[in-house]
Amino acid sequence: MSAPQPPLALLAELSHRCPLRCPYCSNPLELERGSAEIDTATWLRVLSEAAKLGVLQVHFSGGEPLVRRDLAELVRHATAVGLYTNLITSGVLLDRARLAELVAAGLEHVQLSFQDAEAASADRIAGLERSHEKKLAVAALVREAGLPLTVNAVVHRQNLERLPELIALALKLGAGRIEVAHVQYYGWALANRRALLPTIEQLERATAVVEEARTRLKGVLTIDYVVPDYYARRPKACMGGWGRQFLNISPAGKVLPCHAAESLPGFDFPSVKEASLAEIWYGSEAFNRFRGTAWMPEPCRSCERREIDWGGCRCQAFALTGDAARVDPACAFSPDRELLTAAREDAAAPAGDFVYRQIGGAPARAAS
Ligand code: SF4
Ligand code: FES
């Protein structure tokens, strides 16, 4: 295997704490408590190490990164060491003063999530009253501050019918980009699959909406579109390939090849408390296990797409088959393809209740 290239981007998950409770949250089912979070000095060191390693962009995320009072200090440091800074936020904790502090620290871009185009539905999906209203106000503040805005819209069977309105909303808010991302089913989203998985007819309509809007809004609004694996014939190149472009640091300081990797058993993911990012990126067993093509089973190993999709998603392979080293069932060549067929039956069943994300305790449910 040739030597790995340096990572391009770091997802800094500052905290799992969040005022929202979205049922498709990409955080693990076992959420970290605030007391387990690494401190400011450790994050400052890690940001310096990331820049030295060759990382170009840092995405401050969570949970909700604004729960950390040191966010502006981290942005300032990231800027000073030459990293492009992006804030991925629900927006509900942002106000004019906090935004001004972040802009002064050098923040360059904001990604703001919207749960739906319609307030009552958006608040129900977020599990927080009046969150939609607050987000509308925050989007205006971001644009007033002169920052580029991306709208993050996670789509599923309970909001897909309003995709045209979501795209119109992004346009109205002055966003330059909207990311229309179908739910990916691991962690909380897997627990909520029946409530979220769209039918093939919904998916086809959504794809047509995106294609029409892309033509109509060319040069005005960029529309990124992430399709659901469950209806794909070939998997996505998850994270651009394991340990190839991307690293993720959890609130407690675990260094992961993707946001869902903590769901995989049999891994001892290293911590920033024990080793430098360079040691972890190049030398750790966890990053090397699924790097490149040598680990692949057949038919991936001799497939012409093996260096295009890098075998798909390890977390999805584990979530569906119980073995992270198997062919991703999103691939039509997978021997486990029937698992997706069974899962798609969820889309035809009644939606069921949401299992809302929460730290500790029994999962909360609400009628859909
Ligand atoms: Fe990708 Fe493997 Fe499927 Fe080929 S067989 S398309 S490498 S997942
Ligand atoms: Fe972990 Fe795809 S989300 S490899």
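When a ligand or atom number is given, it counts from 1 through the structure's own listing order. Heavy atoms only: backbone and side chains are in, while hydrogens, waters and symmetry mates are out.
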In terms of heavy-atom contacts, does CZ of R216 have more than 12 from other residues, nucleotides or ligands at under 6.0 Å?
yes
Under 2.8 Å from atom 1 (Fe) of ligand 2, which protein N, O or S atoms are there? Could you list them by chain and number?
C258 SG, C315 SG
Residues at least two apart in sequence or cross-chain that pass ring-ring contact (aromatic ring centres under 6.0 Å, His included) with H156, listed by chain then number, are Y24
Summary of side chain to side chain donor-acceptor pair (under 3.5 Å) pairs that have at least one residue in residues 328-341, sequence neighbours excluded
Q316-D328, R326-D336
Hey, is R98 close enough to E101 for a salt bridge, meaning N to O under 4.0 Å?
yes
Output, in order, the C-alpha distance, side-chain angles, deciding distance and verdict of side-chain contact (heavy atoms from CB on, under 4.5 Å) for E165 and E118.
CA-CA 8 Å; E165 289 84 353; E118 195 265 312; over 6 Å; no
Ignoring waters, how many protein N/O/S atoms are under 2.8 Å from atom 1 (Fe) of ligand 1?
2
If every non-hydrogen atom of A343 is compared with every non-hydrogen atom of Y230, which pair is closest and at what distance?
CB-CE2, 3.4 Å
Decide yes or no on salt bridge (Lys or Arg N to Asp or Glu O under 4.0 Å) for E201 and R205, but give the supporting numbers first.
CA-CA 6 Å; E201 292 76 22; R205 276 198 301 278; over 6 Å; no
Give me the atom names and distance for the closest heavy-atom approach of P257 to G243.
CB-N, 4.3 Å
Atom CD of E13 and atom CG of L256: how far apart are they, to the nearest 0.5 Å?
7.5 Å
